[in-house]
A.B. asks: 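Have a look at the structure that comes next, please.
When a ligand or atom number is given, it counts from 1 through the structure's own listing order.
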Amino acid sequence: MLETDTEGVPQRVATGRMPAWDEVEEWVALAYERARPVAAGTVADYIPVLAEADPESFGVCVAEVDGSLHSAGDAQVLFSIQSISKAFVYALACDAVGHERVGDIVGVNNTGLPFNSVIAIELNAGHPMNPMVNAGAIATTALVPGDTAEDTWSAVLAGLSGFAGRPLELDERVYASEAATNQRNQAIGRLLQSYGRLDRDPLEIVDVYTRQCSLLVSAHDLAVMGATLADGGVNPITGQQVVSADVCRDTLAVLAANGLYERSGEWLFEIGLPGKSGVSGGIVTVAPGKGAIGTFSPPLDSAGNSVRGQRATAYLSRTLGLNIFASDDRGSNA
Ligand code: GLU
């Protein structure tokens with residue numbers, strides 16, 4: 001089960017607006033204090049460099065669509081974005097080629113299988129089904145236009161930087177470490193090619209995917225990137241229209257179904273918002289029309305979701321009234 005610990009935390013009704021600025025500030029500080037002492041979880045080590053992450057590092061940031069920012073702890077600490085890039089590259093691919101084409105090649109359904117599953121491809125005649133796990137994400141990266149893999153990489157880098165509102169940089173050590181150990185993703189690329197789901201060089205596309213996963217972001221960046229999806233594609237800091245409003249709606253629907261690995265159903269049940277996590281310890285969670293929460297803490301649960309991140313996000317979803325299913329606060333507040 002998810003690590004949420006919302007016992008006794010009041011559930012505020014989802015109103016369509018964030019609470020007042022100073023209230024949000026206070027709840028963010030409380031969410032941080034409440035989750036900080038939690039020591040559960042394990043830092044990912046299947047990409048060797050990730051094992052060096054400081055398990056104590058913990059940051060929370062809320063970005064509102066009007067550009068207000070609320071941070072606690074290590075909200076500026078940089079880490080590789082990993083799987084969270086899949087959400088934003090999905091949006092870029094849909095914006096470029098339309099969600100019908102992405103849907104035909106990739107799909108929008110949860111496979112219920114781990115993020116690096118090969119079986120999921122075989123079970124579905126090569127259709128990756130889910131753009132938020134590696135097979136679907138690699139097929140999605142291949143749909144970002146570019147005459148060469150280098151052009152596609154430039155488009156991915158520019159697009160993700162547009163979401164963050166600043167030029168993102170590659171963590172060369174993480175990239176080298178993953179590139180040296182990603183034979184499984186290379187195999188997934190080849191398998192997709194064999195099923196006709198990838199019409200570009202699989203190894204070159206897996207390399208672009210590995211680079212997108214190695215981009216450095218902070219909890220602050222994740223909050224701004226998420227708030228861009230929350231506001232019809234307009235970055236709350238730069239005002240840039242990064243993708244269309246329709247693409248944001250479609251991307252958030254995909255995140256609601258698939259964003260938290262095999263715990264996506266539990267996440268929607270407990271937190272009631274679209275989100276995406278990554279194995280380096282980040283989680284972005286989006287409250288449509290209001291803003292987004294970015295968290296960073298490396299220790300993960302068995303599905304790959306940050307434990308402190310889950311706790312802080314569950315707390316904020318309740319106290320800020322973000323859960324999209326909470327329409328009435330009469331009753332037990334359970
Ligand atoms: N780059 C990682 C991989 O492909 C991303 C995994 C994740 O964050 O889920 O294995």
A.B. asks: Using a 4.0 Å cutoff against the non-hydrogen atoms of V279, which atoms of ligand 1 qualify?
C.D. replies: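 Heavy-atom distances to V279 below 4.0 Å select 6 (C), 7 (C), 8 (O), 9 (O).
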A.B. asks: Under a 4.0 angstrom heavy-atom cut-off, which atoms of ligand 1 come close to Y209?
C.D. replies: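 By the 4.0 Å cutoff, the relevant atoms are 1 (N), 2 (C), 3 (C), 4 (O), 5 (C).
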A.B. asks: Taking only heavy atoms of N134, which atoms of ligand 1 are found under 4.0 Å from at least one of them?
C.D. replies: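 Atoms satisfying the 4.0 Å criterion: 3 (C), 4 (O), 10 (O).
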A.B. asks: Atom 2 (C) of ligand 1: which protein heavy atom is closest, and how many Å away?
C.D. replies: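 In this structure, atom 2 (C) of ligand 1 has Q82 OE1, 3.1 Å as its nearest protein heavy atom.
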A.B. asks: Name all residues meeting the salt bridge (Lys or Arg N to Asp or Glu O under 4.0 Å) criterion together with E150; count only those two or more places apart in sequence or in a different chain, and write none if there are none.
C.D. replies: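 So E150 forms a salt bridge (Lys or Arg N to Asp or Glu O under 4.0 Å) with R211.
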A.B. asks: Taking the six-membered ring for Trp and the single ring otherwise, decide whether the centroids of W21 and H70 are under 6.0 Å apart.
C.D. replies: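 Ring-ring flag for W21/H70: true, centres closer than 6.0 Å.
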A.B. asks: For Y261, counting its heavy atoms only, list the atoms of ligand 1 lying under 4.0 Å from any of them.
C.D. replies: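 So the answer, numbered in order with elements, is 7 (C), 8 (O), 9 (O).
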A.B. asks: Under a 4.0 angstrom heavy-atom cut-off, which atoms of ligand 1 come close to C213?
C.D. replies: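 Reading through ligand 1 atom by atom, the close ones are 1 (N).
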A.B. asks: Do the side-chain N and O atoms of Y46 and N116 include a donor-acceptor pair separated by under 3.5 angstrom?
C.D. replies: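 The answer is no; no qualifying pair exists.
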A.B. asks: Mind checking what makes salt bridge (Lys or Arg N to Asp or Glu O under 4.0 Å) contact with R184, not counting sequence neighbours?
C.D. replies: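 With neighbours one apart ignored, the set is empty.
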A.B. asks: Is the closest side-chain heavy-atom distance between V38 and V307 below 4.5 Å?
C.D. replies: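 They are in contact (side-chain heavy atoms under 4.5 Å apart), so the answer is yes.
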A.B. asks: Nearest protein heavy atom to atom 10 (O) of ligand 1, by residue and atom, and its distance?
C.D. replies: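 I find the closest protein heavy atom is Y46 OH, 2.6 Å.
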A.B. asks: Is ligand 1 less than 4.0 angstrom away from at least one heavy atom of N185?
C.D. replies: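 Yes.
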A.B. asks: Okay, side chain of N258, backbone of V108: is any donor-acceptor separation there less than 3.5 Å?
C.D. replies: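 Confirmed, N258 side chain pairs with V108 backbone.
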A.B. asks: Would you mind listing which atoms of ligand 1 come within a distance below 4.0 Å of any non-hydrogen atom of G278?
C.D. replies: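 Atoms satisfying the 4.0 Å criterion: 8 (O).
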A.B. asks: Do the side chains of D104 and R101 get close enough for a salt bridge, i.e. N-O under 4.0 angstrom?
C.D. replies: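 Not counted as a salt bridge, because no side-chain N and carboxylate O are separated by less than 4.0 Å.
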